[in-house]
Amino acid sequence: MDPLPPGPRLPRAAQTLRWIVRPTAFMEEQARRFGDTFTVRLLNSPPMVFVSDPEALREVFTADPGVLRAGVANQLLEPVLGANSLLLLDGERHLRQRRLMLPSFHGERIARLRGAIEALAVREVASWPLGEPLALMSRMQALTLEAIARVVFGVEEGARLELLRARLRELLDWSADRRRLIALALASATPLRARSLGGLRAVLRPVHELLDAEARDRRALPPAALAAREDVLSLLLQARDEQGGALTDAELRDELVTLLIAGHETTATALAWAVERLLRHPAALRRLRDELAEQPAGGDWLDAVAKETLRLRPILPIVARWAAEPFELRGRTLPAGTEIAPCIYLTHRRPDLYPDPHAFRPERFLERPAGTYTWLPFGGGPRRCLGASFALLELKTVLATIVRETELRPARPAPERIRRHAITWAPEAGAAVVVARRRPALSVV
Ligand code: HEM
């Protein structure tokens, strides 16, 4: 008997094609046929068992991280992120590095960055043209890039920021091209992969040089000046493990690139979806406007809108764990070498967890709080997104600014469908809007 749960019998190439071209339809079809656990077989990867039952998710997220490894499952990203990236590590090294980084991303620390993010958002909104179509996704990408360069890396206005902005843009544009990522994923030593790697090195080297220079200058600051800074890079430079050890230069640089890649497009996509959904739900938008008139930073309704957006339009559809040993899942032993994919998309659309699951209803999160194994846009367990607090703060702060300061309408009335965009699942037209009005005071900023 096959030890793996049943799944589609299509050849691997056909399953891969459907997963790339029509991923939502592909997953929904398998869930209809096989229920909440099924096996998908893709080219160049181990069999993948999709799971979307909260009890199975609990088993996966609470498993020994030495047995269910996330780093192995993320190896595809190694050329971009570097071998020391948190996303690629497992075991002791992952634990040490995550412990060093966690305090910098703690909710209370992150909350202090609100003012800086809001200032960037106000400036961004003031630059939008009136009365013509605007793809919000690209504006949100510019904004989240600025937030990472200034708030996370702490680079201040000036020539280095200009240069860093341009070099980061080149790196992000390079990695936004899916064909290049596919070439990197090919079996080693093909000429296509070699060419792709060469191109990547050319855009990565200048970014590394700039980040190294920034870290060097920051290390040269008097301790009191370094301690007074609020940005994540300064905090990471001061972080020490139990033996008093710090992140090495190579670790620090790979982590900065990781924060950029993990935090930039994801948050921009979430913002684009939040606006896209709100513009199709005028009552929810009105309620948000009313709340912001009372509480400019937003309250429970803003929080519920953020959560409902990430439920219905998860930015990443799955996370992955690779089983280093046989693993028992809901009473069935999966063989070593299997990949297990907690499926965010299908979990978030279960009618038993979310009645009328396709409807955008933020009030569901006022009625019942989000559960650890039922709401998982940031994954779960010891590998849960390190930047979740930062992402939610940025999502809510920028969304509040947009709603307070502008009046938008969709560039076309129809809802935008979900489309793969490099690593995230984004609105097909990039959340196309028209800025009908802006608060008068802003137009002269
Ligand atoms: C809406 C925005 C975001 C979403 C939806 C998101 C989602 C995720 C997901 C699903 C994972 C994998 C979790 C797992 O395997 O269980 C992850 C990991 C990670 N994310 Fe995020 N993320 C977002 C924003 C950010 C931001 C802003 C940062 C940092 C500035 C960040 C840094 C990271 C890091 C470092 C990891 C690796 C954690 C580890 O392996 O220990 N993310 N994120």
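Order of listing sets the numbers, starting from 1, for every ligand and every atom in it.
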* Asked: Out of Gly380, Pro377, Gly71, Ser389, whose heavy atom is nearest to atom 5 (C) of ligand 1?
  ->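 Minimum heavy-atom distance to atom 5 (C) of ligand 1 goes to Pro377.
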
* **Winner among Thr144, Val232, Leu259 once heavy atoms are compared against atom 30 (C) of ligand 1** =>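 Looking at heavy atoms only, the winner is Leu259.
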
* Once the angle between the rings of Phe360 and His281 is folded into 0 to 90°, is it parallel (under 30°), tilted (30 to 60°) or perpendicular (over 60°)? ->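 Phe360 and His281: tilted rings.
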
* Considering distance alone, does some N or O of Arg383 sit under 3.5 Å from an N or O of ligand 1? ->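 There is such a contact, yes.
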
* Would you say Glu394 touches ligand 1, if touching means a heavy atom closer than 4.0 Å? ->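 Heavy atoms of Glu394 never come under 4.0 Å of ligand 1.
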
* Asked: On the ring face of Tyr354, is Arg364 found with NZ or CZ under 6.0 Å from the centre and within 45° of the axis?
  ->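 The answer is no, since Arg364 fails at least one limit relative to Tyr354.
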
* Asked: ligand 1 versus His264, non-hydrogen atoms closer than 4.0 Å: side chain, backbone, both, neither?
  ->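 Neither; nothing of His264 gets under 4.0 Å from ligand 1.
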
* Tyr345 and Glu28 side chains, donor-acceptor separation under 3.5 Å ->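 Checked: Glu28/Tyr345 side chains pair up, N/O donor to acceptor below 3.5 Å.
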
Can you name the atoms of ligand 1, numbered from 1 with element, that are less than 4.0 Å from a heavy atom of [X]?
| X | result |
| --- | --- |
| Phe390 | 27 (C) |
| Leu316 | 7 (C), 8 (C), 9 (C), 10 (C) |
| Leu87 | 37 (C), 40 (O) |
| Leu86 | 38 (C), 39 (C), 40 (O), 41 (O) |
| His94 | 39 (C), 40 (O), 41 (O) |
| Arg98 | 38 (C), 39 (C), 41 (O) |

Above 12 or not: heavy atoms from other molecules or residues under 6.0 Å from [atom1] of [X]?
| X | atom1 | result |
| --- | --- | --- |
| Arg22 | CZ | no |
| Asp64 | CG | yes |
| Arg289 | CZ | yes |

* Least distance between heavy atoms, Ala391 atom then Phe378 atom ->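 Nearest heavy atoms, Ala391 then Phe378: CB-CE2, 4.0 Å.
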
* To do: Enumerate the residue pairs fulfilling ring pair (Phe, Tyr, Trp, His ring centres under 6.0 Å) with a member in residues 45-68, sequence neighbours excluded, ordered by first and then second residue.
  =>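 Output for this query lists Trp19-Phe50, Phe38-Phe50.
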
* To do: Quick one: name the protein N/O/S atoms under 2.8 Å from atom 21 (Fe) of ligand 1, chain by chain.
  =>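 Atoms qualifying: Cys385 SG.
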
* Asked: Who's the nearest protein heavy-atom neighbour of atom 12 (C) of ligand 1, and how far?
  ->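 Answer for atom 12 (C) of ligand 1: Val319 CG1, 3.8 Å.
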
* Nearest-contact summary for atom 16 (O) of ligand 1 - protein heavy atom, Å ->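 Among all protein heavy atoms, the one nearest atom 16 (O) of ligand 1 is Arg321 NH2, 2.7 Å.
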
* Do Pro5 and Leu334 come close enough that some side-chain heavy atom pair is under 4.5 Å? ->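 Counting from C-beta outward, Pro5 and Leu334 do come under 4.5 Å.
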
Residues 75-91 side chain polar contacts: donor-acceptor under 3.5 Å, at least two apart:
{"residue": "Gln75", "atom": "NE2", "partner": "Gly71", "partner atom": "O", "Å": "3.0"}
{"residue": "Gln75", "atom": "NE2", "partner": "Leu88", "partner atom": "O", "Å": "3.2"}
{"residue": "Asn84", "atom": "OD1", "partner": "Arg93", "partner atom": "NH2", "Å": "2.9"}
{"residue": "Asn84", "atom": "ND2", "partner": "Asp254", "partner atom": "OD2", "Å": "2.9"}
{"residue": "Ser85", "atom": "OG", "partner": "Leu87", "partner atom": "N", "Å": "3.2"}
{"residue": "Ser85", "atom": "OG", "partner": "Thr258", "partner atom": "OG1", "Å": "2.8"}
{"residue": "Asp90", "atom": "OD1", "partner": "Ala70", "partner atom": "N", "Å": "3.2"}
{"residue": "Asp90", "atom": "OD1", "partner": "Gly71", "partner atom": "N", "Å": "3.0"}
{"residue": "Asp90", "atom": "OD1", "partner": "Arg383", "partner atom": "NH1", "Å": "3.2"}
{"residue": "Asp90", "atom": "OD2", "partner": "Gly71", "partner atom": "N", "Å": "3.2"}
{"residue": "Asp90", "atom": "OD2", "partner": "Val72", "partner atom": "N", "Å": "3.0"}

* Asked: By side-chain contact (heavy atoms from CB on, under 4.5 Å), which residues pair with Ser127, not counting sequence neighbours?
  ->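 Ser127 satisfies side-chain contact (heavy atoms from CB on, under 4.5 Å) with Glu124 only.
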
* **Any donor-acceptor N/O pair, Arg280 side chain to Ala414 backbone, under 3.5 Å** =>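 Yes, the answer is positive, given that a donor and an acceptor are paired below the 3.5 Å cut-off.
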
